[in-house]
Amino acid sequence: MSDSSKFGVQIVNLVGSGSLDVEMDLEYLARDIGESIASYDPNKYPGMYLRFSEDKPLITVYRTGKYIVVGANSLEEAHAFRDRFLGLLSEMRVIDEAKDESFRIQNCVCTGNLKENLSLNALAIELGLEKTEYEPEQFPGLIYRPDTGEAVLLVFATGKVVITGSNTIESAQSAFDAFREQLDTFLN
DNA sequence: TGAGCGGCTCCTTATATATCAGCTTCGG
DNA sequence: CCGAAGCTGATATATAAGGAGCCGCTCA
């Protein structure tokens, strides 16, 4: 168990989306909600942005009733801000009840740390050139795409790792664990 | 030949990670 | 006035979303 706490991954960003199946008048909604929370500039981007507090998740709402929540660093926070958004729309009578069964986490971005410096050139060969991309002149990290397809890992020479593309923290953790196992065989 | 349509790419947002170039600012 | 130091914005990753623009293809 000490292994998983020592090499546990941390959520740094969650992206979730849902659909309310209601056509929205974003111009009207943005005005009614107020510019302390809402911002909408259709010439710049078709979505309306809602930010309830600084350094907190951002919600982007579309004309079609579809929306995305980005920037939460826990499942609880993502759901709390979705609920706040649904509550607001419910109060404004845009939707009947503050519920949305369609909401799903689409991307869970995590960080991990191997606590060990790596030679990325050697690692690229070990992991297999068809699964890795490493062009230090383009980007300092090695990009590793495991066969499972459940995540993509960005590996840095410092041993720090970014795990992205999975939709649960569990699959991000298992992708990181599998990568660490590969690394152990490589180092020994 | 031109209209129309489908598919594709880019834009925007968050976030960690690291490395470069280019720019500003400051001290001696 | 020049070097150093600091800061900013690019580079790349995933993901949802709607719209603009572009390219190629088909059909009249």
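We name chains A, B, ... by the order of the sequence lines, and we start the count at 1 in each one. Computed from heavy atoms alone, side chains included, the values below leave out hydrogens, waters and symmetry copies.
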A.B. asks: Quick test of your reading of the model: are E130(A) and R145(A) salt-bridged, counting only N-O distances below 4.0 Å?
C.D. replies: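 The answer is no: the pair does not qualify as a salt bridge.
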A.B. asks: Report yes or no: do S174(A) and E150(A) form a side-chain donor-acceptor pair below 3.5 Å?
C.D. replies: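 Yes, because at least one side-chain N or O of S174(A) sits under 3.5 Å from a partner of the opposite role on E150(A).
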A.B. asks: Which part of the nucleic acid, if any, lies within contact of Y67(A), taking any heavy atom under 4.0 Å across all strands shown: a base, the sugar-phosphate backbone alone, or nothing?
C.D. replies: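 It contacts nothing in the nucleic acid.
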A.B. asks: Go through DNA chain B in 5' to 3' direction and return only the first and the last nucleotide with some atom under 4.0 Å of chain A's heavy atoms.
C.D. replies: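 The footprint of chain A covers dC11(B) to dT19(B).
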A.B. asks: Going by distance alone, is a donor N or O of one side chain under 3.5 Å from an acceptor N or O of the other, for Q182(A) and Y144(A)?
C.D. replies: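 There is such a pair (donor and acceptor under 3.5 Å, judged by atom type) between the side chains of Q182(A) and Y144(A).
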A.B. asks: Answer yes or no: does a side-chain N or O of Q138(A) lie under 4.0 Å from OP1 or OP2 of dT11(C)?
C.D. replies: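 Answer is no, no contact under 4.0 Å.
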A.B. asks: Within this structure, what is the CG-to-P distance between L153(A) and dT15(C), rounded to whole angstrom?
C.D. replies: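 Going from CG in L153(A) over to P in dT15(C) covers 13 Å.
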A.B. asks: Would you kindly give the CZ-to-P distance between F179(A) and dT13(C), to the nearest whole Å?
C.D. replies: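 In whole Å, dT13(C) P lies 17 Å from F179(A) CZ.
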A.B. asks: Between the side-chain atoms of T164(A) and the base atoms of dA14(C), is any donor-acceptor pair under 3.5 Å?
C.D. replies: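 Present.
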A.B. asks: Under 4.0 Å between a side-chain N or O of T64(A) and OP1 or OP2 of dG18(C)?
C.D. replies: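 True: T64(A) side-chain N/O within range (under 4.0 Å) of dG18(C) OP1/OP2.
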A.B. asks: For DNA chain B, which residues of residues 100-114 of chain A approach it to below 4.0 angstrom with any heavy atom?
C.D. replies: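 Contacts with DNA chain B under 4.0 Å: V109(A), T111(A).
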A.B. asks: Does a donor on one side chain sit under 3.5 Å from an acceptor on the other, for T111(A) and Q10(A)?
C.D. replies: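 T111(A) vs Q10(A): no donor-acceptor pair found between side chains.
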A.B. asks: Rounded to whole Å, how long is the line connecting atom CZ of R82(A) with atom C1' of dA16(C)?
C.D. replies: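 It works out to 16 Å between those atoms.
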A.B. asks: Starting from P on dA16(C), measure out to OH on Y45(A) and report it in whole angstrom.
C.D. replies: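 Those two atoms, OH and P, are 12 Å apart.
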A.B. asks: Would you mind telling me which of V69(A), L14(A), T168(A) makes a side-chain contact (heavy atoms from CB on, under 4.5 Å) with I105(A)?
C.D. replies: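 By the side-chain contact (heavy atoms from CB on, under 4.5 Å) criterion, I105(A) pairs with just one of V69(A), L14(A), T168(A): L14(A).
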A.B. asks: By the 4.0 Å heavy-atom rule, please label E133(A) as base, sugar-phosphate, or nothing.
C.D. replies: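 E133(A): backbone/sugar contact only, no base atoms under 4.0 Å.
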A.B. asks: Please report the distance, rounded to the nearest Å, between CD1 in I59(A) and P in dG18(C).
C.D. replies: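 Going from CD1 in I59(A) over to P in dG18(C) covers 16 Å.
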A.B. asks: So, the side chain of N167(A) versus the backbone of N107(A): is there a donor-acceptor pair under 3.5 Å, distance only?
C.D. replies: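 Not at all, since once roles are kept as given, no pair shorter than 3.5 Å links the two residues.
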A.B. asks: Measure CG/D41(A) against C1'/dG18(C) and give the value in whole Å, please.
C.D. replies: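 Spelled out: CG on D41(A) to C1' on dG18(C) is 14 Å.
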A.B. asks: Over how many whole Å does the gap from E137(A) atom CD to dA12(C) atom P extend?
C.D. replies: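 After rounding, the reported distance stands at 13 Å.
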A.B. asks: When all nucleic acid strands are considered with a 4.0 Å heavy-atom cut-off, which category describes V15(A): base, sugar-phosphate, or nothing?
C.D. replies: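 Base contact.
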A.B. asks: Say whether S102(A) and D100(A), considering side chains only, have a donor N or O and an acceptor N or O under 3.5 Å apart.
C.D. replies: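 Yes, side-chain donor-acceptor contact under 3.5 Å.
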A.B. asks: Under the ring-ring contact (aromatic ring centres under 6.0 Å, His included) definition, can you give me all pairs with a residue in residues 77-101 of chain A, not counting sequence neighbours?
C.D. replies: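 Residue pairs with at least one partner in residues 77-101 of chain A: Y67(A)-F85(A), H79(A)-F103(A).
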A.B. asks: One thing to verify: whether K131(A) and D147(A) come together as a salt bridge, which I'm taking to mean a side-chain N less than 4.0 angstrom from a carboxylate O.
C.D. replies: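 Here D147(A) pairs with K131(A) in a salt bridge, since their nearest N and O are under 4.0 Å apart.
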A.B. asks: Give the ring-plane orientation class for Y49(A) versus Y45(A), where under 30° counts as parallel, over 60° as perpendicular and anything between as tilted.
C.D. replies: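 Taking Y45(A) first and then Y49(A), their aromatic rings lie parallel (interplane angle under 30°).
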A.B. asks: How close or far is atom C1' of dA17(C) from atom CG of L26(A), stated in whole angstroms?
C.D. replies: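 Computing the L26(A):CG to dA17(C):C1' distance gives 12 Å.
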A.B. asks: Is Y62(A) stacked on the base of dA17(C), meaning ring centres closer than 5.5 Å and planes within 30 degrees of each other?
C.D. replies: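 Answer is no, no stack.
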A.B. asks: With nearest nucleotide decided by heavy atoms, which residue, L154(A) or P46(A), maps closer to the 5′ end of DNA chain C?
C.D. replies: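 Per heavy-atom nearest nucleotide, the more 5' residue is L154(A).
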